[in-house]
Every structure is written in structure tokens, then in C-alpha cells.
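Notes to accompany the following structure.
We count ligands from 1, going down the list as the structure has it; atoms in each ligand are counted the same way.
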Amino acid sequence: MTIKLSDVNFSKTFEDYATPFDMVQVLDPEGKVVDQETIETLSDEELVKIMEDIVWGRTLDERTILLNRQGALGNYATAGGQEASQLASITAITRDDFFVPTYRDIGALIKHGLPMYKAFLWYKGHVGGNQYDQDFHAYIPQVMVGGTLPPAAGVAMGKKFNGSKSVVLTFCGDGATSQGDFYEGLNFAGAYKAPLITIIQNNGYGISVPTSKQTAAQTLAQKGVGVGVPAIRVDGMDPVAMYAAVKNARAYALEGNGPVLIEAMTYRFGPHTMSDDPKRYRTDEEVEVWRAKDPLKRLRNYLTEKGLWNEEKELEVYEACKQEVKEAMSQMAKEPAQKVSDFLKNMYEVPPQNIQEQIAYYERKEQQ
Ligand SMILES: Cc1ncc(C[n+]2csc(CCOP(=O)(O)OP(=O)(O)O)c2C)c(N)n1
């Protein structure tokens, strides 16, 4: 069963809903509108921008997989299939908002403003991939599962104390919701009414462990109820629903109402990372069921029918992304090789004595 976004009231709690977490949807898998009221709140430009980002994201995923197979990058957590939950969401916030991503959200991080070559440096484990400009509002990708929530809640608290007119957006996976960090961060944000939007990208698996084996909870959205954080469940393969939900959540948080939790029902088409074989834990039939919900095809169908999209435009975005990847790879190659001392210097603003000793030791060695 699906419901309209307009039927959702973020101020309601679990008990207020007759059926607590029906899934918000605007476009069905064929790209037909099921929530006219919500889609009418969005301009053609907004919808086309989401489409461009999704085509860009799918292309980046394809290229990054190839680059990894060629040994040109380190490892990669694939993002194909999750473009609506990642890229439609990031498009719904501004660059003044703060973003706390996981290892799977690199496309969104680039769309938020990280130069692509820096993302590639990060894949290679190069310290330059962790050095951001001061005016770039994001943390480096969090690899510790569940680890995005506490720092994201902290930044959101800071924003509240400073009276900032911006919010924090963070992502985590379904597996992350089984971690203590998830509850601690969410509870903290709820208690202090911090402007934090948390999106659980429920892609059904924590590597090979299905969600059903991670929790007895019927939904992951209901985890917000325990800490008093308004939560909704959204079709995470529906770019329009994701965009509209995050836009509404942002407005709600900016009004001083506190955090919002969104469970995005999504799926990764590829492996967990390049060292994973998904055939060992999921069937081809299951993958096909989810491929039929592809966010790219869904929005393409809708926009094509409205005369706002065509093959030519799609090819243009595809070629531009390929070119961007090429340029980022050559810029990455120009970076000086990583020195151990650089790596150590990047750990603390004021290094403790043992790190200072190690820095001095390596600097001496590097000069020899
Ligand atoms: C604290 C911690 N435990 C274990 C791992 C190893 N690990 C890396 S990814 C992953 C699965 C995470 O699943 P989920 O949160 O659903 O996110 P997804 O990878 O599906 O995006 C695990 C267990 C880790 N990185 N951090």
C-alpha cells in the first residue's frame, strides 16, 4: 500500500497512524503519478535536475566499477539502484547545509561540492582525499557502520546553538540501525531538537545479512518512535518522492521542530563492494523485481511523456560525466605520492606527543 506525501504529518507519532508506516510514493514504478498534489509543488526544472543527477550518478557508478576492475582505484561500494535515495535527497538540500555521508554515498558527496578527483583520492586511501576546503560543508565518508549519526547530531546541535538557518543531512544503511551509535545519535538529536535529517537507505542487506535477520522491528522507520523523532517511510526507488520528502523534512527542521527520520526503501543493483559476490546470498529473481523499480527508468518515463526528456539529453549527461571522470583521473594522477608524515599530520590539529615523534621520525626518513 502507498500513501500520498500530503497525508503525512511529521508532527504525528507512531500511535497517531492507523497503519503506522505506509510508504510514501509519488511516481509508481512505471512512472505514472500517484500523488498529483505533491508533484504539482515541484517545477519542471527541479524534476529535470533530479533526472540529470540520476543519469550522472548511474554513469559514475558504471565508470567507477570499471576503474576498479582495471586496478586504477582502490575499492568501491557500489551505488547503482540507490540514486533516488542518495542523489534526489542531496538535491533537496543546499550547499550551506551540512552533509555526513557513508562510504556508499560518494556520488552525493560530489554533488554536494567535493571535487571528483578528491573522491578518487579517497578511494585510493590518499590523505588528500580527506582534506576539504573550510567552506565545504561535509565530513569525509564514514566507514564505521552507524558512525554517521553521532557526529551528524553534534553538527546539528551546533547549528541550533548558533541559530543557523541550515540543516544537517546524514545517511546510514539498514545494518547501521542495529548499532548503538544509531540510537545514541538519533536520541541526542531528538532530545535537543537538533535540525538533523537522517535517511536510512534500507537496501535490504548489511553486506549479506538480510534486514529480517538484523531486527525484529517491522520497519526501520519505527525506530524513530522510541526516541520521539518523527519518521516516515518513503519509496527509495522513487526520485520524486525522495526529493519531496527531504524538501519537506528540511522545511520542518528549519522551523525549529527538530529532527526527522526517513526510511528509504531501496536496493543496490551491484555487489556490496568490489570484493563481494551477491549471487551467494540473493537470487537473480529478487534482483529483477527491484530492477523493475529502477529510479532512472521511472523518472525517464514520466519526463519523456511530458516532453521534458529525450535520448539526446540523456546521452549528453552520460558523455559529460564520462569526460568529468576522465579529467578527475588525470587530476588525481598529478597529486604528489602520499608521504607517511602527511598522513600522520592529518590526524589531529595538535598531535599528541607520540604522533609528533612519529612525524619527526618519518620526516627524517623521507629526506634521506
Ligand atoms: C562498526 C563496523 N562494523 C563492521 C563493519 C564492516 N562492514 C562494512 S559495511 C557493513 C555492512 C553495512 O550495512 P548497511 O549499514 O546496511 O549499509 P550498506 O553497506 O548496505 O550501505 C559492515 C558490517 C564496519 N565497517 N564497521
Checklist line | Side-chain donor-acceptor pair present, Asp174, Gln201, cut-off under 3.5 Å | finding: no
Next item on the list: Measure centre to centre between the rings of Phe99 and Phe171, then say whether the value is under 6.0 Å.
Entry: yes
Next item on the list: Anything with a heavy atom under 4.0 Å from ligand 1 counts, so go ahead and list those protein residues by chain and number.
Entry: Tyr103, Arg104, Val143, Met144, Val145, Gly173, Asp174, Gly175, Ala176, Gln179, Asn203, Tyr205, Gly206, Ile207, His272
Notebook entry, point to check: When you measure from the side chain of Asn187 to the backbone N and O of Tyr183, does any donor-acceptor pair fall under 3.5 Å?
Noted result: no
Item checked: Reference residue Leu109; test side-chain contact (heavy atoms from CB on, under 4.5 Å); the match among Trp122, Tyr132, Tyr139 -> Tyr132
Next item on the list: Can you establish whether the number of heavy atoms outside Glu319 located under 6.0 Å from its atom CD is more than 12?
Entry: yes
Next item on the list: Show the numbers, then the answer: is there a side chain to side chain contact (heavy atoms under 4.5 Å, CB included) between Ile3 and Gln25?
Entry: CA-CA 6 Å; Ile3 53 167; Gln25 192 179 67; over 6 Å; no
